[in-house]
Amino acid sequence: MKKLVVDILVKALPEMDIKLEKEEIESMVEVPPQLDMGDYSFPCFAFAEKLKRSPHEIALELREKIGNISELDFESVDVMDGYVNFIFERQSMARKVVWDAINDKADYGSSKIGKGKKIVVEFSSPNVAKPFGIGHLRSTIIGNSLANIADFVGYKVKKVNYLGDWGSQFGKLIAAFEEIGDEDKLMKDSMDYMLKLYVKANKYKKYEKLGHETFQRLENKDRKALMMWKVFRNLSIDEFEKIYNTFKIKFDEFSGESQSVKYTGRVIEELKKKKLLKKSKGAMIVDLKKYDLGVVLIQKTDGTTLYATRDIAEAIRRYEKYKFDEMIYEVGQEQNLYFKQIFKVLELMGYDWAKVCQHVSHGLYLDKDGKKFATRKGKTILMEDILEKTKKLTAKEIKKRWPKVSKKELQRRALIVAIAAIFYGDLKNNRKKDMVFDLKKFTSFEGNTGPYLLYTYARASSILEKANTKKGNSKIKIDSVEEIGDLMPKEFELVKELSLFLDKVQESFNKLNPSVVAAYCYDVCQTFNEFYHCCPVIGSENVGFRLALVEAFRQTLRNALRLLGIDVLEEM
RNA sequence: GCACCUGUAGCUCAGCCUGGAUAGAGCGCUUCCCUCCUAAGGAAGAAGUCGAAGGUUCAAAUCCUUCCAGGUGCACCA
């Protein structure tokens with residue numbers, strides 16, 4: 001709908017001697033704070049100086065010019081305090097929006113702004129041989145949502161999980177295993193056993209030196225060490241996959257630091273050739289002090305590589321593999337400086353695609369007392385435990401309301417609600433900021449929570465269910481959209497809200513912030529509940545349109561939630 | 001020490017990029033609404049020096065400067 005307004009302005013503004021690009025106009029058109037002010041508005045303050053007239057006068061004249069060329073479904077175009085306010089004809093807007101939502105189905109709200117472009121999204125990236133902890137949850141949730149949104153706006157998306165599967169800690173781990181390892185235990189209870197081994201490897205001093213040597217063996221492709229490493233890696237991936245399957249998250253590639261090792265030699269050669277590499281204190285560095293970015297360590301004194309070396313190599317590998325148009329790294333904000341360094345080094349190496357690489361950062365999870373809580377009592381908080389705990393909480397609530405559901409069905413619903421609770425609990429926040437991770441609040445069935453959204457969806461589904469069984473027809477007749485009576489204010493508010501979905505998705509992508517879509521989910525649910533409260537569907541005179549409106553709402557919410565990685569329930 | 005991020009209602013957070021029409025939600029608190037499609041909902045109320053002070057502007061929570069408070073990062077970990 002916004003497009004219609006923009007198109008008119010594109011025609012009208014030149015008549016006023018105002019020259020603006022279409023994109024500029026698009027970004028100026030806004031949604032007024034009050035519904036009765038209009039559906040969209042165009043502020044004229046910015047032109048006052050140039051035209052040497054008051055914003056109000058300019059708005060009035062613009063209004064006239066629009067009148068001359070208007071042939072569209074507007075109820076009115078008004079001027080108010082320097083704004084030109086556009087009000088669509090209610091029925092025709094309702095018809096179009098509801099019709100679009102029902103017909104476009106899973107595509108409602110999608111666009112093609114990224115058509116022909118490829119984006120690589122790196123996210124989640126847990127460490128091999130360690131359990132999937134809460135520390136990687138934020139990246140997983142946000143990265144997945146960003147990938148979904150990018151796909152929805154037309155990009156070709158490649159999702160990469162960059163495992164922490166290389167580095168000196170594997171030296172220690174393998175060294176410890178070679179000395180005290182128990183193969184049976186490893187195979188039986190791998191994650192648990194690997195963690196124990198990991199703790200031991202870090203506890204005893206002897207593994208520090210031994211680990212050093214073993215890591216050098218790894219870097220030199222020692223067969224035995226490499227074999228052990230591979231076992232650890234595969235066992236870990238199997239374990240991670242279980243969690244991703246539960247979350248219904250799929251990756252295009254399990255990469256990892258190990259994948260880039262074969263490129264690190266080349267990186268070092270190239271850096272040398274371009275005279276970027278410098279010897280310092282026995283190690284090799286790239287000096288970025290003149291860019292205020294400190295120095296980057298590329299090669300340790302013992303000749304082995306570092307995280308940075310491998311990340312640079314990996315970026316090159318990915319570009320050669322995917323030829324991406326954009327690449328985003330969904331990684332915590334504590335690595336802000338680090339990513340600036342990496343991108344700078346790539347730029348200095350002459351890769352002009354370095355400028356399309358972006359670090360999309362997120363803040364920390366805090367506990368209820370506002371303290372950092374990635375670890376507590378020195379122990380990692382396991383994803384498995386969080387999920388179990390959340391499921392228990394949601395199952396309890398569901399059982400209160402549905403004492404008769406089967407155990408299996410209860411588990412199914414509890415899981416979907418639990419994921420909604422956790423994902424929405426995270427995504428409703430601006431990703432850049434630290435946030436309190438409070439399962440009690442996330443799982444509450446009241447207020448601004450994931451369960452509230454699913455409840456609203458289920459309520460809507462229930463209406464259709466009832467309507468269908470009563471009348472015996474299995475489908476809403478879209479034709480009924482043609483006969484729309486006078487719209488109640490709440491009906492129109494819902495129509496209006498549904499019409500904003502496309503704008504919100506695009507905004508969310510532009511900001512690379514899923515919270516825009518999350519906030520939209522909440523808004524549209526609130527509006528639906530208001531409608532639900534005051535506009536009975538079944539038995540009303542306007543039942544045809546209202547059923548269609550409910551279906552349009554369900555479709556829109558389903559699409560929006562899908563972008564957040566959240567499933568819906570028909571009954572809850 | 002330097003750099004980056006954050007500070008909005010008792011609590012948890014939107015809004016800040018791109019200044020604009022009465023600063024919004026949820027929880028909690030005080031009321032009201034189930035003979036009515038899931039009350040897990042809806043309506044109303046109380047609650048704010050938008051960290052502080054300056055500046056820019058017709059207009060500042062939003063932009064700039066300084067200060068205060070908290071967090072994070074700054075060489076052989078990832």
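Each chain gets a letter, A, B and so on, in the order its sequence line appears, and its residues count up from 1.
For A/Arg459 and B/A39, the shortest distance from a side-chain N or O to OP1 or OP2 is below 4.0 Å. A sub-4.0 Å separation between OP1 or OP2 of B/A39 and a side-chain N or O of A/Arg401 is absent. Taking 4.0 angstrom as the limit, A/Tyr455 places a side-chain polar atom (N or O) nearer than this to OP1 or OP2 of B/A39. A/Asn430 has a side-chain polar atom (N or O) that falls below the 4.0 Å cut-off from OP1 or OP2 of B/G15. Within the structure, a side-chain polar atom (N or O) of A/Tyr452 is placed less than 4.0 Å from OP1 or OP2 of B/G42. Between A/Gln299 and B/A75 there is no side-chain polar atom (N or O) within less than 4.0 angstrom of OP1 or OP2. In this model, the phosphate group of B/C11 is not approached by any side-chain N or O of A/Lys441 to a distance below 4.0 Å at OP1 or OP2. Under 4.0 angstrom from either OP1 or OP2 of B/G7 there lies at least one side-chain N or O belonging to A/Lys433.
For A/Gln333, whose side chain is taken as the heavy atoms from C-beta onward, the closest listed nucleotide among B/C13, B/C74, B/U72 is B/U72. Closest to the side chain of A/Lys511, out of B/C16, B/A75, B/G26, is B/C16. Side-chain atoms of A/Gln169 lie closest to B/A78 of the nucleotides B/A78, B/C37, B/A43. With B/C13, B/A43, B/G26 as the choices, the nucleotide that has an atom nearest any side-chain atom of A/Tyr522 turns out to be B/G26. Considering only side-chain atoms of A/Lys466, the nucleotide from B/A43, B/G41, B/C37 that sits closest is B/C37. The side chain of A/Glu530 sits closest to B/G42 out of B/A78, B/A75, B/G42. With B/U12, B/A75, B/G28 as the choices, the nucleotide that has an atom nearest any side-chain atom of A/Leu297 turns out to be B/A75. Comparing atom distances between the A/His533 side chain and each of B/G42, B/C37, B/A40 picks out B/G42 as nearest. The nucleotide whose nearest atom lies closest to any side-chain atom of A/Leu306 is, among B/A78, B/A75, B/C27, B/A78. Closest to the side chain of A/Ser168, out of B/C77, B/A21, B/G15, is B/C77.
Pair assignment for B/U49 gives none, since no Watson-Crick or G-U wobble pairing has each distance under 3.5 Å. Under the Watson-Crick and G-U wobble criteria, each requiring two contacts below 3.5 Å, nucleotide B/U72 is paired to B/A3. Base pairing annotation: B/C77 forms no Watson-Crick or G-U wobble pair, as no partner gives both donor-acceptor distances under 3.5 Å. Within the shown strands, nothing qualifies as a pairing partner of B/U57 under the Watson-Crick or G-U definition with both distances less than 3.5 Å. Under the Watson-Crick or G-U wobble criterion, with both distances below 3.5 Å, B/G26 is paired with B/C11. Judged by Watson-Crick or G-U wobble contacts below 3.5 Å, the nucleotide B/U18 has no partner.
Below the 3.5 angstrom threshold, one finds no donor paired with an acceptor across the side chain of A/Ser515 and the base of B/A14.
No cation-pi contact links A/Arg558 to A/Tyr457, judged by a cut-off of 6.0 Å to the six-membered ring centre and 45° from its axis. Judged by the 6.0 Å and 45° rule, A/Arg318 forms a cation-pi pair with A/Tyr162. For the pair A/Arg413 and A/Trp402, the cation-pi criterion (under 6.0 Å, within 45° of the ring axis) is fulfilled. Figure legend: cation-pi geometry between A/Lys172 and A/Tyr207 absent, as NZ or CZ is not positioned both under 6.0 Å from the six-membered ring centre and within 45° of its axis.
When heavy atoms are screened at a 4.0 angstrom cut-off, A/Asn429 is found touching the sugar-phosphate backbone but no base atom. No engagement by A/Met284 is indicated, since no non-hydrogen atom pair under 4.0 Å with the nucleic acid exists. When heavy atoms are screened at a 4.0 angstrom cut-off, A/Gly294 is found touching no nucleic acid atom at all. A/Asn85 comes within 4.0 angstrom of a base, heavy atoms only. Using a 4.0 Å heavy-atom distance criterion, A/Pro33 is classed as a base contact. Within 4.0 Å (heavy atoms only), A/Ala519 reaches no atom of the nucleic acid at all. Residue contacts shown for A/Ile285 include a base, since a base heavy atom lies under 4.0 Å away. Residue contacts for A/Glu571: at a heavy-atom cut-off of 4.0 Å it reaches a base atom on one of the strands shown.
For the P atom pair drawn from B/C4 and B/U65, the interatomic distance equals 10 Å after rounding to whole Å. Using atom P as the reference point in both B/G42 and B/C63, the two lie 33 Å apart (nearest Å). The separation of B/C17 from B/G1, taken at their C1' atoms, amounts to 30 Å, rounded to a whole angstrom. Taking atom C1' in both B/U30 and B/A47, one finds a spacing of 12 Å when rounded to whole Å. For the P atom pair drawn from B/U72 and B/U56, the interatomic distance equals 37 Å after rounding to whole Å. For the P atom pair drawn from B/C16 and B/G24, the interatomic distance equals 15 Å after rounding to whole Å. With C1' as the reference atom, B/A39 and B/C32 are 13 Å apart, rounded to whole Å. B/G73 and B/U66 are spaced 25 Å apart, taking the P atom of each and rounding to whole Å.
Using a 30° and 60° split on the angle between ring planes, A/Phe501 and A/Tyr520 fall in the parallel class, below 30°. Ring-plane geometry between A/Tyr329 and A/Phe339 is classed as tilted, the angle between the planes lying from 30 to 60 degrees on a 0 to 90 degree scale. Between A/Phe531 and A/Phe528, the angle of the ring planes lies from 30° to 60°, which puts this pair in the tilted group.
Of the two residues near RNA chain B, A/Gln526 and A/Val31, the one whose nearest nucleotide lies more 5' is A/Val31.
Here A/Phe45 pairs with A/Tyr83 under the ring pair (Phe, Tyr, Trp, His ring centres under 6.0 Å) rule; sequence neighbours left out.
Between A/Tyr424 and A/Tyr522, the ring center distance fails the sub-6.0 Å criterion.
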